[in-house]
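To start, the structure under review is shown below, and the notes come after it.
All chains are named by letter (A, B, ...) in the order of the sequence lines, taking the proteins before the strands, and each is independently numbered beginning at 1.
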Amino acid sequence: MVFHDDLVAKRQQLIEKGIDPYPYSFTTTHTLTQIRQQEQALIEKDVAVAGRLTALRQQGKQVFFADLEDFDNRIQLYLKKANFTDAIWDAILLLDIGDWVGIQGKVFKTKTGELTIWALQLTVLSKAVVRVPISKEKGEKKFYQVSDEEMLYRQRYLHWITDREARQTMVIRAKIISAIRRFMENREFLEVTTPTLELIYGGASARPFETQVNALSNQKAYLRISPELPLKKFIVGGFPKVFTICQNFRNEGVDRSHNPEFTMMEWYEAFTDYQYQMKQFEDLVSTVVKEIKGDTKFTYQDTALDFTPPWRRLTILDAILEYGKLDVNQLSDAQLAAKIKELDPEFDIPDPFSRGHAIDFLFEHLVEEHLVQPTFIMDHPLAISPLTKKKRGNPELVERFEPFVMRMEIGNAYSELTDPVEQYERLKAQRAYDAHSIKQDGVVHHPVDIDFIRAIGLGMPPTGGVGLGIDRLVILLTNQNSIRDVIAFPLLRAEDETAK
RNA sequence: GGGGGCGUAGCUCAGUCUGGUAGAGCAGCAGCCUUUUAAGCUGUUGGCCGGAGGUUCAAAUCCUCUCGCCCUCACCA
């Protein structure tokens, strides 16, 4: 059992002494941060505070010093037997690190100058029956801090209890999302909700999670891999500026920058193209960075990043030329295939050969690792971008950009394809290319969504559409290593309880 | 899926190379200490050493399999 016998026994003893270890409410007058901020005014004043005990230092039979921690601060308590009834003092003797208590008392300073609350009343707010592994700390140094990463991910609540910084990561995450909303609302975008459960998935190239709807004769359904197609239906329906912040689900690899479920923001704006949106993207992100960091420059893990607009703009072909020293336009299909084999002998080159996919391959292998500062990679090959308008003046490319920071793709955007006839052909072409992957894993990656084709058939105005990976932005702004650090409850393999 | 690392008490770790039957600090428990703050001092309870099998007189330690986590490569066109 996960409970600790001695703690369960203490809970029972509290109950037997007439003390409710799990009461209904407690009224506080201040947070601990407020007490520190208003220190001068509060000395010798009565306050009521609540928090979790993080240290207990008994001093003889009559006195305890304790540390109390609330959401973002910690303060010392002074507990003296003479101030309490025997029943409460008995309860105090049954307290452990990790228990929640409410304190009414006076603010004072000890002779060593430590701001302290002299407790005159103590209310047990919650008796923990699982031992809480709170670390000790001296200044910045921490001792015995939980370091088992598996435990910190599986039991995130434990991570938050034991590490104020882990709590702060969630606060910053919330502030980022809030700043994004504010920016979009200031520009008169309408926040809309799109379905998580869909009968046809689309808008990205990814394998979906499958489920079924019992009430609809076990109709097969999928979890959204992207909100793109429903958002475009909003545009068709006459909403000129829409955005959504939602979970996407992709049944693919899990690693430091991929969780099966992740948070995406997408927006669509009628009458604009990708050039307009590139500017809007750097405006949005630099505004958010400035709001969170106080500046458009900050350091991520020893790397100084500068988000000040304008960001570098580089076409995908120029990027391959610059970092890979390859001029794709001067190379034949055979030469490209040879180059791919050279970079990855295992790679299964599709037949028929696709220059578009070859360019994508070369970009990933030669360029991505160099994209540290915020950079827009633009003008991708048509073959890998079925939802995008052809580039004006070059029908083999499309009007698309992907912003990169710290080698991570943090977004994706297009001049959206609005010609319904061409859209239908392009989706069918993509599906034909998928025959290649169907052979490999038996999954049809891209069913053609006829409803979507019909929607844009009703007339879709020119539209710029943009996606932004929220989790990856949070990784950068919270200086974390992994997407697991910024997703509250990342997906892990089921624990085998019988093995424990 | 490949390669590497890790898994020992509630927590942090030692012990593994060179098998000899499990240790420390903190927490807990019993005391001492009426302003301490990683409080201190004395004593003390905790562990089927992730799981299963094997080798051996003897396995935390060596071997095989297996579960989980981390890193990395691949996959994710």
Opposite nucleotide pairing with [N], Watson-Crick or G-U, both atom distances under 3.5 Å:
N     : result
B/U55 : none
B/G47 : none
B/C6  : B/G68
B/A14 : none
B/G40 : B/C32
B/U21 : none
B/A74 : none

Select from A/L491 and A/K138 the residue whose nearest nucleotide in RNA chain B is closer to the 5' end of that strand. A/K138
Which residue, A/K109 or A/V132, contacts RNA chain B at a nucleotide closer to its 5' end, judged by nearest heavy atom? A/V132
Can you check the distance between [N] and [M], where both ends of the measurement are the [atom1] atom (answer in whole Å)?
N     : M     : atom1 : answer
B/G20 : B/G43 : C1'   : 30 Å
B/G7  : B/G15 : P     : 10 Å
B/C11 : B/A58 : P     : 33 Å
B/G23 : B/U37 : C1'   : 29 Å
B/C17 : B/C62 : C1'   : 11 Å
B/C13 : B/A22 : P     : 24 Å
B/U36 : B/C41 : C1'   : 15 Å
B/A38 : B/G2  : P     : 49 Å

Can you confirm whether the side chains of A/T110 and A/T112 place a donor and an acceptor under 3.5 Å from each other? yes
Between A/R484 and A/N259, do the side chains contain an N or O donor and an N or O acceptor separated by less than 3.5 Å? no
Any N/O donor-acceptor pair, [X] side-chain to [N] base, under 3.5 Å:
X      : N     : value
A/T112 : B/U37 : yes
A/Q58  : B/U36 : no
A/T110 : B/U36 : yes

Is there a side-chain contact between A/V63 and A/L79 in this structure, where contact means two heavy atoms from C-beta onward sitting under 4.5 Å apart? no
Base, sugar-phosphate or nothing for [X]? Non-hydrogen atoms, less than 4.0 Å.
X      : answer
A/E149 : sugar-phosphate
A/F108 : base
A/D67  : nothing
A/F361 : nothing
A/N251 : nothing
A/E137 : sugar-phosphate
A/R250 : nothing

When you measure from the side chain of [X], which nucleotide among [options] comes out closest?
X      : options             : result
A/A55  : B/A38, B/A39, B/U35 : B/A39
A/Y144 : B/G25, B/U12, B/U34 : B/G25
A/Q62  : B/U34, B/U37, B/C11 : B/U34

d([atom1], [X]; [atom2], [N]) in whole Å:
X      : N     : atom1 : atom2 : value
A/K141 : B/U12 : NZ    : P     : 20 Å
A/L492 : B/G7  : CG    : C1'   : 15 Å
A/I384 : B/A77 : CD1   : C1'   : 9 Å
A/D6   : B/A30 : CG    : C1'   : 14 Å
A/F84  : B/U34 : CZ    : P     : 18 Å
A/K80  : B/U36 : NZ    : P     : 13 Å
A/D360 : B/C75 : CG    : C1'   : 14 Å
A/E150 : B/G5  : CD    : P     : 18 Å

Show every donor-acceptor pair shorter than 3.5 Å between a side-chain atom in residues 141-149 of chain A and any protein atom, with sequence neighbours excluded, or say none if there are none.
residue, atom, partner, partner atom, Å
A/Q145, NE2, A/T162, O, 3.3
A/D148, OD1, A/E150, N, 3.0
A/D148, OD1, A/M151, N, 3.2

Value rounded to 0.5 Å, distance of CD in A/E364 from CG in A/D360: 4.5 Å
Nearest-0.5 Å distance, OH of residue A/Y22 to CH2 of residue A/W100: 13.5 Å
Does OP1 or OP2 of [N] have a side-chain N or O of [X] closer than 4.0 Å?
X      : N     : result
A/K136 : B/A39 : yes
A/R57  : B/A39 : yes
A/R484 : B/C70 : yes
A/R131 : B/A9  : no
A/R493 : B/C67 : no
A/K61  : B/C32 : yes

Would you call the rings of A/W118 and A/Y78 parallel, tilted or perpendicular, taking 30° and 60° as the class edges? perpendicular
Check the geometry between A/F65 and B/U36 and answer yes if their rings are stacked (centres below 5.5 Å, planes below 30°), otherwise no. yes
With syn defined as a glycosidic angle within 90° of 0 and anti as everything else, classify B/G54. anti
One thing to verify: whether A/D471 and A/R173 come together as a salt bridge, which I'm taking to mean a side-chain N less than 4.0 angstrom from a carboxylate O. yes
A/R57 and A/D67: CA distance, side-chain angles, deciding distance, side-chain contact (heavy atoms from CB on, under 4.5 Å) verdict: CA-CA 9 Å; A/R57 297 181 290 277; A/D67 288 338; 3.3 Å; yes
